Amino acid sequence: QVQFMESGGKAVQPGGSLRISCLASGFPFRKYAMAWYRQTPGKAREFVAVLGGASTVYQDYADSVKGRFTISRDNAKNTVYLQMNNLNFEDTALYFCNQLPPLESWGQGTQVTVSA
């Protein structure tokens with residue numbers, strides 16, 4: 001059974017930094033590209049960042065986060081991370097991880113709120 005468990009979200013001030021984590025299970029983690037997505041109320045879930053599996057160093061980011069966010073992974077821990085720097089109000093969202101393309105199963109997400 002595939003599961004994603006996101007954690008680490010909290011309220012931060014503009015310009016601040018935060019690292020969120022996602023523990024994945026139920027599939028051979030190291031073989032799959034992993035991605036972060038985010039969603040705000042009333043809007044569709046959007047892509048944030050992706051990092052390739054064991055056979056590739058491929059990574060890509062949404063234009064809105066390039067230069068500020070960094071995705072990484074620890075295959076020994078089945079965990080993917082998202083380091084977020086210089087946060088702004090538009091980064092406020094519920095953040096999810098999943099494969100790319102995403103599976104039907106999603107975790108609960110972790111809430112990141114940027115407020116003064």
Side-chain angles (χ1 to χ4, degrees):
Q1 175 183 357
V2 173
Q3 288 188 322
F4 301 103
M5 187 178 304
E6 300 89 354
S7 64
K10 65 178 184 179
V12 295
Q13 292 185 337
S17 297
L18 185 66
R19 189 178 81 158
I20 56 177
S21 305
C22 172
L23 175 64
S25 61
F27 62 96
F29 179 79
R30 63 176 61 246
K31 292 186 177 181
Y32 288 87
M34 290 298 298
W36 282 97
Y37 306 81
R38 66 187 182 186
Q39 188 171 24
T40 55
K43 293 187 177 181
R45 193 173 286 148
E46 65 174 5
F47 165 80
V48 175
V50 61
L51 181 60
S55 63
T56 177
V57 295
Y58 169 78
Q59 59 181 290
D60 197 14
Y61 298 88
D63 288 343
S64 59
V65 308
K66 279 182 180 176
R68 300 187 298 119
F69 290 14
T70 303
I71 186 173
S72 61
R73 64 192 295 163
D74 185 338
N75 289 332
K77 296 181 178 180
N78 281 18
T79 299
V80 60
Y81 305 96
L82 187 67
Q83 175 67 43
M84 303 180 288
N85 298 326
N86 194 21
L87 286 158
N88 58 53
F89 297 121
E90 290 71 33
D91 297 317
T92 295
L94 189 59
Y95 285 74
F96 301 87
C97 75
N98 206 314
Q99 296 181 10
L100 182 71
L103 301 175
E104 290 188 358
S105 176
W106 292 85
Q108 295 298 308
T110 188
Q111 178 67 40
V112 175
T113 302
V114 183
S115 63

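Given the structure is predicted, the values throughout are model-derived calculations rather than measurements.
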Distance, nearest 0.5 Å, that separates OH of Tyr81 from CG of Asp74 = 5.0 Å
Check the surroundings of atom OH in Tyr32: do more than 12 heavy atoms from other residues, nucleotides or ligands lie under 6.0 Å from it?
-> no
What pair of heavy atoms forms the shortest contact from Asp60 to Phe47, and how long is it?
-> O-CZ, 3.7 Å
Side chains of Gln99 and Met34: does their closest heavy-atom pair fall under 4.5 Å?
-> yes
Hey, are the side chains of Ile20 and Glu6 touching, using non-hydrogen atoms and a 4.5 Å cut-off?
-> no
The reported gap from OG in Ser115 to CZ in Phe89 (rounded to nearest 0.5 angstrom) is 7.5 Å
Let me see the working for Phe29 and Thr79 under side-chain contact (heavy atoms from CB on, under 4.5 Å), right down to the final yes or no.
-> CA-CA 8 Å; Phe29 179 79; Thr79 299; 5.6 Å; no
Are any side-chain N or O atoms of Thr110 and backbone N or O atoms of Tyr95, one a donor and one an acceptor, separated by less than 3.5 Å?
-> no
Between Ala35 and Leu100, which heavy-atom pair has the shortest distance, and what is it?
-> CB-CB, 4.1 Å
Nearest-0.5 Å distance that lies between atom CD in Gln1 and atom OG in Ser25 = 7.5 Å
Would you say Asn88 and Pro14 make side-chain contact, with heavy atoms under 4.5 Å?
-> no
Output the distance between atom CG (Asn98) and atom CZ (Phe4), rounded to the nearest 0.5 Å.
-> 4.0 Å
Which heavy-atom pair separates Leu82 from Phe69 by the least distance, and what is that distance?
-> CD2-CD2, 4.0 Å
Considering all heavy atoms of both residues, which atom of Pro101 and which atom of Tyr37 are nearest to each other, and what is their separation?
-> C-OH, 4.4 Å
Are there more than 12 heavy atoms of other residues, nucleotides or ligands under 6.0 Å from atom CD of Glu46?
-> yes
Do Arg38 and Val112 come within less than 4.5 Å of each other through their side chains, counting heavy atoms only?
-> no
Once the angle between the rings of Phe96 and Trp106 is folded into 0 to 90°, is it parallel (under 30°), tilted (30 to 60°) or perpendicular (over 60°)?
-> perpendicular
Honestly curious: do Tyr61 and Trp36 fall in one hydrophobic cluster under the side-chain, below-4.5 Å linking rule?
-> yes
NZ of Lys66: more than 12 outside heavy atoms within 6.0 angstrom?
-> yes
When hydrophobic residues are tied together by side-chain contacts of less than 4.5 Å, even through go-betweens, does Val12 share a cluster with Val65?
-> yes
So do the side chains of Arg68 and Asp91 get within less than 4.5 Å of each other, counting heavy atoms only?
-> yes
With rounding to the nearest 0.5 Å, note down the distance linking CG in Leu51 to SG in Cys97.
-> 12.5 Å
Between CZ on residue Arg45 and CG on residue Leu94, distance to nearest 0.5 Å = 8.0 Å
